Amino acid sequence: MESIVHTLKMKEHHHLVLVLFLQLLSFSMNKASSLVDDTEREALLSFKSMVSDPRDALSGWNLSSPHCTWFGVSCNTGPVPLLGNMNKLVKLNLGHNNLSSTTEHNLQFIDSLVNCTDLEILILNSNQLVGELPSSVANLSTHLREFYVDDNFLSGSFPRGMENFRNLTVLSLHQNSFKSKVPNSIGVLHNLRRFSINQNMFFGDIPDSFSNLTQLYWLTMGNNQLSGRIPKSIGNCQRLYILGLFRNMLNGSIPKEIFGIASLSKLFLDQNAFSGSVPNEVDGLKQLEFMDVSDNQLSGNIPPTISDCSSLRSLRIARNKFSGPIPKLMVKLAGLESLDLSSNNLSGPIPQDLENLLALKNLNLSFNQLEGQVPRGGVFMNLSWDSLQGNNKLCGGEQEVAGKLRVPTCTTKKKQNISAAVKIIIPIASFVLLCVLLCFIWVLISHKKKHEKDKGTYSSSTFKGRCPKISYSEIRSATNGFGVENLIGKGAFGSVYKGFISSNGRIIQSTTPALVIPVLLPAAVALSMSGEVEKKCVSPP
């Protein structure tokens with residue numbers, strides 16, 4: 001108020017009405033200067049009394065009517081003024097006021113803007129505009145580059161005719177009540193850099209036409225009712241700085257192409273129904289600062305390659321199905337400030353080196369299957385018990401620390417080592433013993449088979465090499481009555497003769513106190529005869 005009074009005092013009387021209009025118009029653009037109470041009415045009347053008004057422009061300023069209806073006064077809680085006669089208007093910023101569309105004029109002011117053929121920037125955000133945007137939106141200037149209607153109470157379908165504005169770089173519709181599918185025609189806006197529709201009621205699939213928006217750096221569609229999968233084509237938006245798809249009904253795996261957007265700094269995919277694992281390609285996000293994939297159905301191990309996201313400041317993967325150990329390489333994330341791994345199936349010890357992350361201030365490891373001693377340095381010094389609850393195998397190195405964290409005190413290191421050694425030795429010893437037992441059984445079976453084979457061989461050869469029973473008369477006949485022609489020689493025990501058996505042609509040796517008869521047979525065997533006669537079977541030379 002003081003600035004207006006001071007300005008008008010410095011002007012000539014014939015400029016009074018024009019200056020007053022321009023200054024009071026700024027009132028309608030500035031929320032801090034709202035004329036909404038009696039104090040401001042009194043201030044206006046005081047101002048009237050201090051200025052000269054030769055044309056009676058301020059004659060209607062009296063207590064008989066509300067001050068917002070006075071000439072030249074526009075309160076920012078009423079309808080938006082019609083601006084159709086401003087055909088050279090390039091930028092209109094009415095944002096962050098209390099402008100409403102509940103009067104009879106409703107949103108007709110947009111109809112009047114159709115005549116503003118040079119309009120490039122229209123900012124109507126953070127007001128109290130209600131209802132559907134009129135169809136005349138599609139007839140706004142083709143030069144339109146920025147369109148902000150976010151943070152109002154607008155409803156209806158996606159604004160019609162947006163594809164007409166090929167120069168559009170900003171389309172901001174978030175925090176309204178729009179309800180429809182996102183049209184595929186959005187893909188024709190090749191210059192679009194910022195597309196924000198979060199916190200509405202948009203539904204259906206995300207259009208695959210986003211592959212054409214290669215200039216896009218801001219894409220937020222969270223807190224809607226979008227379903228289906230994330231199209232891989234979003235990976236073509238290589239300039240993306242922020243991708244927000246949180247609080248939807250999206251499912252399937254997270255496309256690897258998302259992790260190939262090197263410029264990505266903020267990734268918000270939480271509160272959906274994504275499944276599968278986080279791929280190792282996450283290491284491609286060198287500029288990533290914030291990553292939130294909590295409240296999904298993701299599984300598998302936390303990829304160790306996430307440690308290569310050197311700019312990471314906040315990592316939230318809570319309430320999923322991740323398993324396995326916490327990667328030790330996470331100690332490389334020197335700038336990490338917040339880490340939430342709660343409500344998963346993580347196991348193994350807490351990496352000791354996490355206490356070396358000096359920037360880490362918020363840590364939540366609750367409701368996992370972690371075990372072993374809780375580190376004592378760094379963020380663990382001020383950690384509360386609820387950040388570790390639900391891990392029944394954790395323990396504290398000291399009684400005081402254990403009591404603070406509500407975990408048992410750890411056993412001595414010696415007992416821990418023995419326990420660890422026993423866990424290793426028992427399965428190894430069991431395996432070795434099993435191998436020895438199997439070898440012993442194999443030896444027994446092999447030995448038995450060999451014995452049976454040898455026995456059969458011995459029995460057979462013994463049977464085959466045994467001299468057949470031959471009578472004395474047969475020997476006598478074979479040696480031709482012990483003829484001289486069959487005499488081989490004489491020894492201390494008798495004479496040796498040779499003889500032949502016509503049936504098999506083998507030699508049989510036969511000995512008596514007076515004579516020995518060799519006769520052709522294959523193996524040595526003895527046969528006792530009555531009358532002190534003995535014969536031997538020998539192989540022929």
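Side-chain atoms are counted along with the backbone in the values below, which use heavy atoms only and exclude waters and symmetry mates. Computed from a predicted model, the values in this text were never measured in an experiment.
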Side chains of Asp208 and Ser233: is there a donor and an acceptor less than 3.5 Å apart?
yes
Residues that Gln271 engages under side-chain hydrogen bond (donor to acceptor under 3.5 Å, both in side chains), provided they are two or more places apart
none
Under the salt bridge (charged side-chain N to carboxylate O under 4.0 Å, His left out) test, which residues partner Glu289, sequence neighbours left out?
Arg313
Per the ring-ring contact (aromatic ring centres under 6.0 Å, His included) rule, what does the pair list look like for residues 253-301, sequence neighbours excluded?
none
side-chain hydrogen bond (donor to acceptor under 3.5 Å, both in side chains) filter on Glu120, not counting sequence neighbours, yields Arg145
Can you name the side-chain hydrogen bond (donor to acceptor under 3.5 Å, both in side chains) partners of Glu281, sequence neighbours left out?
none
Would you please name every residue forming a ring pair (Phe, Tyr, Trp, His ring centres under 6.0 Å) with Phe210, sequence neighbours left out?
Phe195
Without placing hydrogens or testing angles, list every side-chain donor-acceptor pair under 3.5 Å for residues 347-355, not counting sequence neighbours.
from: Gln352; atom 1: NE2; to: Glu355; atom 2: OE1; distance (Å): 3.4
from: Gln352; atom 1: NE2; to: Glu355; atom 2: OE2; distance (Å): 3.3
from: Glu355; atom 1: OE1; to: Arg376; atom 2: N; distance (Å): 3.4
from: Glu355; atom 1: OE1; to: Gly377; atom 2: N; distance (Å): 2.8

Would you say Ile242 and Ser265 make side-chain contact, with heavy atoms under 4.5 Å?
no
Counting C-beta onward and ignoring hydrogens, is there a side-chain heavy-atom pair between Val278 and Ile302 closer than 4.5 Å?
no
Side-chain atoms of residues 187-194: list all donor-acceptor pairs with protein atoms under 3.5 Å, sequence neighbours left out, distances to 0.1 Å.
from: His190; atom 1: NE2; to: Gly187; atom 2: O; distance (Å): 3.3
from: Asn191; atom 1: ND2; to: Arg166; atom 2: O; distance (Å): 3.0

Between Ser155 and Val130, is there a donor-acceptor pair closer than 3.5 Å when you use the side chain of the first and the backbone of the second?
no
Atom pairs and distances, donor-acceptor, side-chain atoms in residues 246-256, under 3.5 Å, two or more places apart:
from: Asn248; atom 1: OD1; to: Asn224; atom 2: N; distance (Å): 3.3
from: Asn248; atom 1: OD1; to: Gln225; atom 2: N; distance (Å): 3.3
from: Asn248; atom 1: OD1; to: Leu226; atom 2: N; distance (Å): 3.0
from: Asn248; atom 1: ND2; to: Met221; atom 2: O; distance (Å): 3.1
from: Asn248; atom 1: ND2; to: Leu245; atom 2: O; distance (Å): 3.1
from: Asn248; atom 1: ND2; to: Phe246; atom 2: O; distance (Å): 3.1

Can you give the donor-acceptor pairs under 3.5 Å from side chains of residues 197-206 to other protein atoms, not counting sequence neighbours?
from: Asn198; atom 1: OD1; to: Ser196; atom 2: OG; distance (Å): 3.0
from: Asn198; atom 1: OD1; to: Thr220; atom 2: OG1; distance (Å): 3.0
from: Asn200; atom 1: OD1; to: Asn176; atom 2: N; distance (Å): 3.3
from: Asn200; atom 1: OD1; to: Ser177; atom 2: N; distance (Å): 3.2
from: Asn200; atom 1: OD1; to: Phe178; atom 2: N; distance (Å): 3.0
from: Asn200; atom 1: ND2; to: Leu173; atom 2: O; distance (Å): 3.1
from: Asn200; atom 1: ND2; to: Ile197; atom 2: O; distance (Å): 3.0
from: Asn200; atom 1: ND2; to: Asn198; atom 2: O; distance (Å): 3.4

Which pairs, with at least one residue in residues 315-333 and sequence neighbours excluded, count as a salt bridge (Lys or Arg N to Asp or Glu O under 4.0 Å)?
Asp292-Arg316, Asp295-Arg319, Asp308-Lys332, Arg316-Asp340
Non-neighbouring partners of Gln215 that pass side-chain hydrogen bond (donor to acceptor under 3.5 Å, both in side chains), sequence neighbours left out
Arg239
Looking only at side-chain N and O atoms, does Asp151 offer a donor or acceptor that is under 3.5 Å from a partner on Ser126?
yes
